[in-house]
There are 2 protein chains.
Amino acid sequence: MKDVAARAGVGLKTVSRVVNAEPGVTPDTERRVQEAIESLGFRRNDSARVLRKGRTASIGLVLEDLADPFYGPLSRAVEEVARAHGALLINGSSAEDPGREQELVLALCARRVDGLIVIPAGDDHRYLEPEIKAGVATVFVDRPAGRIEADAVLSDSFGGARSGAAHLIAHGHRRIAFIGDQPRIHTAAERLRGYRAAMADAGLAIDDSWVSLGSTAPERVRDAVAAMLAAPEPVTAILAGNNRVTVTVVRHLAACERPVALVGFDDIELADLLGITVIAQDAAALGRTAAERLFRRLDGVSEAPRQVTLDTALIPRGSGEIPPAG
Amino acid sequence: MKDVAARAGVGLKTVSRVVNAEPGVTPDTERRVQEAIESLGFRRNDSARVLRKGRTASIGLVLEDLADPFYGPLSRAVEEVARAHGALLINGSSAEDPGREQELVLALCARRVDGLIVIPAGDDHRYLEPEIKAGVATVFVDRPAGRIEADAVLSDSFGGARSGAAHLIAHGHRRIAFIGDQPRIHTAAERLRGYRAAMADAGLAIDDSWVSLGSTAPERVRDAVAAMLAAPEPVTAILAGNNRVTVTVVRHLAACERPVALVGFDDIELADLLGITVIAQDAAALGRTAAERLFRRLDGVSEAPRQVTLDTALIPRGSGEIPPAG
DNA sequence: ATGAAAGCGCTAACAG
DNA sequence: CTGTTAGCGCTTTCAT
C-alpha cells in the first residue's frame, strides 16, 4: 500500500480511501491510485485490516463430520447467511471427540472469528466462558451447550421420536425396538425419551432388550438388530435413532425374510424410492436459524440466551406402515 | 500480552517466549508468566501473529456446493490433511457461478491463506496468476484450471464413462442415452467424450436425440428422460452423467413400466440397496491427494505443475445388467 | 536468560 | 479533499 501511494504520488490514507471506496477523493486522484494498484498488482492484506479493526468478518462452524449428509446442507445454509453478511466460514470437524472440539473452538477463537456456531461433541463448555465474555458470539446447534448458558437451535428430538413410535404403535406394533447413538449425546437421549414416552402413553412396557444405544458403526448396529430379531419374542418394528443407524438397519432388513417395520430419524436421500418412513428434520433450517441468530447478536442485539426448537415431520413411505408379523 | 508482561513483571518478549514454548526462560519466570496468563485469561491473537510471520496456517477450499454429497467427503478429506499440518480450512461454495468463484478466491487471497484448493466453476483462471506469482500455492481438483498452468487432481471421467457405456454395450444395448451436466463443465465434456468413444469402439452410430446436456435440475432431467423413452425407437439404456442426474433418472425409471438399464456416474448412498450400477470415483481420495500436493508445495517442493488422474471403478449392482427391452 | 525497540500493513483520528 | 501520526498485538533483532 505504501508502494501504491509512492507510485501514485499520494498519501497512504488516500490509497486506503480508494481501496475501501470511502468518500472524499477526486475522481482524478482516484484514477491515478487505481492505475498504481493495477500495475503493482496490489491487494489489500486483510490480516492487517483485521488487526486494526478488530473484526475478522469470518465465523467458525464446528460440527461432527462434514462428510455426513446431515451436516453438508447445514453447513451450506450457514455459509449462505454468512455470505449475506459479508463473512467467510471456517469449519472444522470434531469427529465427535470433545477434546478435538475444544481444540478447534479455541483455535478459531485465537483467529478472532467474530462468531462461533458449534454442534457440540462434549458436554462441558465452561472452557468457552472467557471467550464469550470477551465478545465471541456463540450459538449451539443440534445439541445444547453443557454447563453454560448459551443460545441453542435444536430439532424437536423428543417430539419427533415420540410421534415416530406412536406411528408404529398406531399400526399395531407392541414390541418396538429403539436403536440409537451413544446416550451421552443429547439428541440420542432425547429420542430415547420420546420413544419411552410414546410407549408409556400407549401403556406398553419396554423390555430392556429392545433398547440398544452405542456407536453408530455398522457392525455394532447390525449385531444389535440381529440379536433383537433372534429373540424368542422378536420385535416387530424398529425406531432408528439417526441417519447412520437407519441406513444400516435398512441394509440388514433387506436381507431378512421376515417383514419388520421401520421408522428412521432423519431423512435420507433416495429414502422415497426405498419406501422408508422417516422423521425428517430440516438441516438447512437448523443452520440458517442458528446463523441468523448469530448475526443478530453480532449486530449488537443483546437478549438473554434462548433455546429455539424446530419441528420435525413424520413422512410415511411404507416401511413404517408394515403391520406386525406373526 | 502487554498486560501479561506487566502482571508477571517481565518483558514482552519473555511472555512471547513462554506462549510459543521457545527456549531460554527459567522455569521460575515461566511459572510466573503462566500464572499471569491464567488469571488474565490471555489468549494469543493470531491475527497479529499472522501479520508478523506472513503465514496464516489456513487454506481455502472453493467448491461447488458443500451440500452435495460428493463434496462433503472431499472437503472432509482436505480438512484432515490440513489438520495434520496444523492448518485450518476455510471453505466456500461457488454455486457453479464463475463470478462467485472468483469473488471467493480473491477474498481468500486477501486473507492471505497459505494455499488454495479450487474446484473451478469458471474456465478462465488468469485472474489467479498474480496471486500464484505472489506465492499462494494452488491446486485444482475435479476439473482442470482454465488458461493457466496449475496442478490438478482429476478423476478419469473419460475412461470411466467409456467403461460404463462399454458395459451397457456388452449387455446387448445398442441405443444408449447420455444425460449429462452443462457441456462447459470439464467433467461433463469428458464423460460425453468417453461415451462417444465407447460407442465408436463398438461401431455404433449415435442419434442426436440420445444425448442431452444441460442443468442437473430435476425437471430438466426428467423431461429429457421422458422424451427419450417416448421416441418411436426409444433408448434401452441410460448413462447418467453425475450423481444428481442419476438420482432423478432412478426416480423416473421407478415409475416406468418398461425396464431400462442404467449406469450412473458417481456412487450414491444406498445405491447398493436399489441395485444401481455405478462408475464410482473416490471423492475422499481426490481431496486427500490434492491437499497433500498443496502442502508439499507449501513445504517448498517446486516442480512443474502436474495433472494427476485417479481411476474410477465400475460397480455392477443390477441396473446396468438389465438386457435391452423389446 | 531477558528486554527494548522496530516494524509487519493497515485504519482512526486529526490536522492541513 | 488530502496527508501525517499513532498504534492494533505480535515477533524479530540486537543489546544487555
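With sequence neighbours left out, the salt bridge (charged side-chain N to carboxylate O under 4.0 Å, His left out) criterion links Arg296(B) to no other residue. With sequence neighbours left out, Arg306(A) forms a side-chain hydrogen bond (donor to acceptor under 3.5 Å, both in side chains) with no residue at all. Every salt bridge (charged side-chain N to carboxylate O under 4.0 Å, His left out) that Asp65(A) has, sequence neighbours left out, goes to Arg76(B). Take Asp151(A) and apply the salt bridge (charged side-chain N to carboxylate O under 4.0 Å, His left out) test, not counting sequence neighbours, and it matches Arg293(A), Arg297(A). Checked against salt bridge (charged side-chain N to carboxylate O under 4.0 Å, His left out), Arg7(B) has no partners two or more places apart in sequence or in another chain. Thr138(B) meets the side-chain hydrogen bond (donor to acceptor under 3.5 Å, both in side chains) test with no other residue; sequence neighbours excluded. Under the rule for a side-chain hydrogen bond (donor to acceptor under 3.5 Å, both in side chains), the partners of Glu96(B) that lie at least two apart in sequence or sit in another chain are Arg143(B). Applying the side-chain contact (heavy atoms from CB on, under 4.5 Å) test to Arg44(B) and every residue at least two apart in sequence or in another chain returns Val19(B), Asn20(B), Phe42(B), Asp46(B), Arg49(B).
Applying the side-chain hydrogen bond (donor to acceptor under 3.5 Å, both in side chains) definition to pairs two or more places apart or across chains, those involving residues 103-115 of chain B are Arg83(A)-Glu103(B), Thr56(B)-Asp114(B).
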Polar atoms only, N or O, under 3.5 Å: list the protein pairs with nucleotides 9-11 of chain C and their distances.
{"unit_1": "dG9(C)", "atom_1": "N2", "unit_2": "Ala48(A)", "atom_2": "O", "d": "3.4"}
{"unit_1": "dC10(C)", "atom_1": "OP1", "unit_2": "Asn45(A)", "atom_2": "N", "d": "2.9"}
{"unit_1": "dC10(C)", "atom_1": "OP2", "unit_2": "Met1(A)", "atom_2": "N", "d": "3.2"}
{"unit_1": "dT11(C)", "atom_1": "OP1", "unit_2": "Asn20(A)", "atom_2": "OD1", "d": "3.4"}
{"unit_1": "dT11(C)", "atom_1": "OP1", "unit_2": "Asn20(A)", "atom_2": "ND2", "d": "3.2"}
{"unit_1": "dT11(C)", "atom_1": "OP1", "unit_2": "Arg49(A)", "atom_2": "NE", "d": "2.9"}
{"unit_1": "dT11(C)", "atom_1": "OP2", "unit_2": "Ser16(A)", "atom_2": "OG", "d": "2.9"}
{"unit_1": "dT11(C)", "atom_1": "OP2", "unit_2": "Asn20(A)", "atom_2": "ND2", "d": "3.4"}
{"unit_1": "dT11(C)", "atom_1": "O2", "unit_2": "Arg52(A)", "atom_2": "NH1", "d": "3.0"}

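End-to-end axis angle of the helix from dA1(C)-dT16(D) to dG16(C)-dC1(D), using five pairs per end and rounding to 10°, comes to 40°.
Extent of DNA chain D lying under 4.0 Å from chain A heavy atoms, first and last nucleotide in 5' to 3' order, is dC1(D) to dG9(D).
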